[in-house]
2 protein chains.
Amino acid sequence: MASKDRIQRLKDETRINILDASLQIVKEEGWQALSMRKIADVIEYTAPIIYEYFSNKEAILLELTRKGFLILARDMKAAKEKHRLPGKQLEAMWFAYWNFAFAEKELYQVMFGVDVNCCELGKIMPEADVPADMVCEVIKDLMAPHKPTEDEVCTTYYTFWSVMHGLVSINIVRKGRSDETNKQVLKAAIGGIIRSIKG
Amino acid sequence: MASKDRIQRLKDETRINILDASLQIVKEEGWQALSMRKIADVIEYTAPIIYEYFSNKEAILLELTRKGFLILARDMKAAKEKHRLPGKQLEAMWFAYWNFAFAEKELYQVMFGVDVNCCELGKIMPEADVPADMVCEVIKDLMAPHKPTEDEVCTTYYTFWSVMHGLVSINIVRKGRSDETNKQVLKAAIGGIIRSIKG
DNA sequence: TACATTTGCTTAACACTGTTAAATGATTTA
DNA sequence: TAAATCATTTAACAGTGTTAAGCAAATGTA
């Protein structure tokens with residue numbers, strides 16, 4: 001019967017509706033506000049229905065994660081194909097990555113587990129600024145010959161911290177590589193930035 | 001009366017017990033397993049008691065965050081004082097940061113919001129590996145003159161990704177700097193790594 | 001057409017979560 | 001001894017993810 005097809009089509013549609021509704025809620029209220037009952041509200045069903053399409057909440061997040069990776073791959077591929085030289089390709093691909101992260105902020109968050117914490121932590125907790133301030137002072141010393149502006153010091157700190165936080169994150173979230181590789185990457189990254197300051 | 005002091009001392013102790021219990025639970029079962037009732041269980045009280053010491057759960061996390069920043073600041077200060085040259089100081093401080101992140105993994109997580117997601121995502125979701133694989137291929141092209149090993153390509157990707165993820169994270173979590181600064185840092189970081197590959 | 005079965009969906013419930021208000025019982029104060 | 005304060009618990013509310021039971025309409029079968 002052809003009605004089987006129609007029913008299947010409807011089922012496929014509600015599956016997509018569930019994913020769309022989830023993303024919509026997250027965009028409006030953030031990840032922590034996403035609940036099964038809220039999703040059900042949006043798609044105009046009751047909560048248990050969702051379990052006919054996804055085995056649990058985690059499965060929904062996983063599907064959105066997949067969706068994110070597909071978009072990211074598409075964007076990076078397109079960026080690559082605009083250039084011939086590998087150096088240019090690489091740069092373009094990472095710019096695509098950067099743009100994706102902010103164009104699809106919510107997907108990036110579920111893909112890489114970035115918490116949306118309180119911003120401006122230092123405002124309510126001065127201790128939180130101490131380590132950064134300490135590093136900035138040393139950077140100022142190091143850059144002294146160049147007479148850096150406050151902003152240049154900040155930018156350098158920012159680059160440093162990004163590398164460090166990135167390395168730490170990937171090692172905590174997906175504890176992959178050996179300690180040897182880590183030390184190597186770490187030393188290379190720090191050395192590289194320091195050299196770029198001096199040079 | 002001196003008994004006032006004794007009682008105050010006991011109260012102070014319970015406050016510390018709450019924090020210790022929280023950290024203990026997190027170390028054993030992870031952040032998502034931390035609940036008020038579980039904390040109460042460990043300190044051998046019932047849940048509402050905790051609200052005499054902390055206004056809510058968030059306040060406990062905030063106190064642990066503060067604790068983390070104090071330890072991090074102490075460690076980085078000690079590392080700095082072992083050297084005279086700013087370059088060496090900087091390196092030592094970031095190594096201290098690195099060591100802190102893993103010695104006090106749980107504190108680092110609550111400080112910087114690193115989600116403890118499923119590891120080995122690519123195993124259960126092949127799509128998740130596509131972007132990384134794409135980049136690795138270009139890196140291989142770029143490094144072709146050096147005839148890199150699989151591991152060297154991987155390490156380079158790893159460094160790239162760390163910078164990117166670090167930059168993105170700080171911009172999502174604490175959306176601070178201007179787009180201009182971001183583009184600047186981004187271009188410098190990518191350019192720097194590419195140059196270090198070629199050189 | 002009449003009965004049986006499957007399907008789609010809801011209601012109800014369980015075991016949790018953070019949090020608050022009320023009740024209890026012991027200790028201190030007058 | 002009576003009153004008042006304090007420490008602590010029990011009970012409850014509203015929310016969470018998830019499962020089981022029930023109902024009612026659509027479908028298959030005789």
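Just so you know, these numbers use all the heavy atoms, side chains as well, and skip hydrogens, waters and symmetry mates. Numbered from 1 within each chain, the chains take letters A, B, ... in sequence-line order.
Contact annotation for B:Glu52: base contact, defined as any heavy-atom pair under 4.0 Å involving a base atom.
Annotation: proximity of residues 13-30 of chain B to DNA chain C (heavy atom, distance under 4.0 Å) is found for no residue.
Applying the side-chain hydrogen bond (donor to acceptor under 3.5 Å, both in side chains) test to pairs two or more places apart or on separate chains, none has a residue in residues 131-144 of chain B.
B:Phe54 places its CZ atom 19 Å from the C1' atom of C:dT20, with the value rounded to the nearest Å. The distance between atom CD1 of B:Ile50 and atom C1' of D:dA7, rounded to the nearest whole Å, is 15 Å. Spacing between atom CD1 of A:Ile43 and atom C1' of C:dT10 amounts to 13 Å, rounded to whole angstrom units. Atom OH of A:Tyr53 and atom C1' of C:dC9 are 10 Å apart (whole Å). Residue B:Glu44 contributes atom CD, which lies 14 Å from atom C1' of D:dT8 at whole-angstrom precision. Spacing between atom CH2 of A:Trp31 and atom P of D:dT16 amounts to 16 Å, rounded to whole angstrom units. Separating the CD atom of A:Gln8 from the P atom of C:dG8 is a distance of 10 Å, rounded to the nearest angstrom.
Set against D:dT9, D:dA20, C:dT19, the side chain of B:Ile49 has D:dT9 as its closest nucleotide. Listed nucleotides: D:dT18, C:dT10, D:dT10. Nearest to the side chain of B:Thr46: D:dT10.
With contacts defined as side-chain heavy-atom distances shorter than 4.5 Å, the pair A:Leu23/A:Leu107 qualifies. The shortest side-chain heavy-atom distance between A:Phe100 and A:Met111 falls under the 4.5 Å cut-off.
Listed by chain and residue number, A:Lys38 satisfy the side-chain hydrogen bond (donor to acceptor under 3.5 Å, both in side chains) test with A:Glu29 (two or more places apart in sequence, or in another chain). In this structure A:Arg15 satisfies the salt bridge (Lys or Arg N to Asp or Glu O under 4.0 Å) test together with A:Glu63, sequence neighbours excluded. With sequence neighbours left out, the side-chain contact (heavy atoms from CB on, under 4.5 Å) criterion links B:Ala103 to no other residue. By the side-chain hydrogen bond (donor to acceptor under 3.5 Å, both in side chains) test, A:Asn99 pairs with no residue at all, sequence neighbours left out. In this structure, the ring-ring contact (aromatic ring centres under 6.0 Å, His included) partners of B:Phe102, at least two apart in sequence or on a different chain, are B:Trp98. Residues that satisfy the side-chain hydrogen bond (donor to acceptor under 3.5 Å, both in side chains) test with A:Arg37, not counting sequence neighbours, are absent from this structure. Residues meeting the side-chain hydrogen bond (donor to acceptor under 3.5 Å, both in side chains) test with A:Thr14, sequence neighbours left out: A:Tyr53.
Overall, the helix from C:dT5-D:dA26 to C:dA30-D:dT1 carries an axis bend of 40° between its ends, with five pairs at each end and the value rounded to 10°.
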Polar atom pairs between nucleotides 14-18 of chain C and protein, under 3.5 Å, N or O only, would you list them?
residue : atom : partner : partner atom : Å
C:dT17  : OP1  : B:Ser35 : OG           : 3.1
C:dG18  : OP1  : B:Leu34 : O            : 3.4
C:dG18  : OP1  : B:Met36 : N            : 3.2
C:dG18  : OP1  : B:Lys57 : NZ           : 3.1
C:dG18  : OP2  : B:Met36 : N            : 2.9
C:dG18  : N7   : B:Arg37 : NH1          : 2.8
C:dG18  : O6   : B:Arg37 : NH2          : 3.1

Please tabulate, for the side chains in residues 79-94 of chain B, all donor-acceptor contacts under 3.5 angstrom to protein atoms that are two or more places apart in sequence or on a different chain.
residue : atom : partner : partner atom : Å
B:Glu81 : OE2  : B:Lys77 : NZ           : 3.2
B:Gln89 : NE2  : B:His83 : O            : 3.1

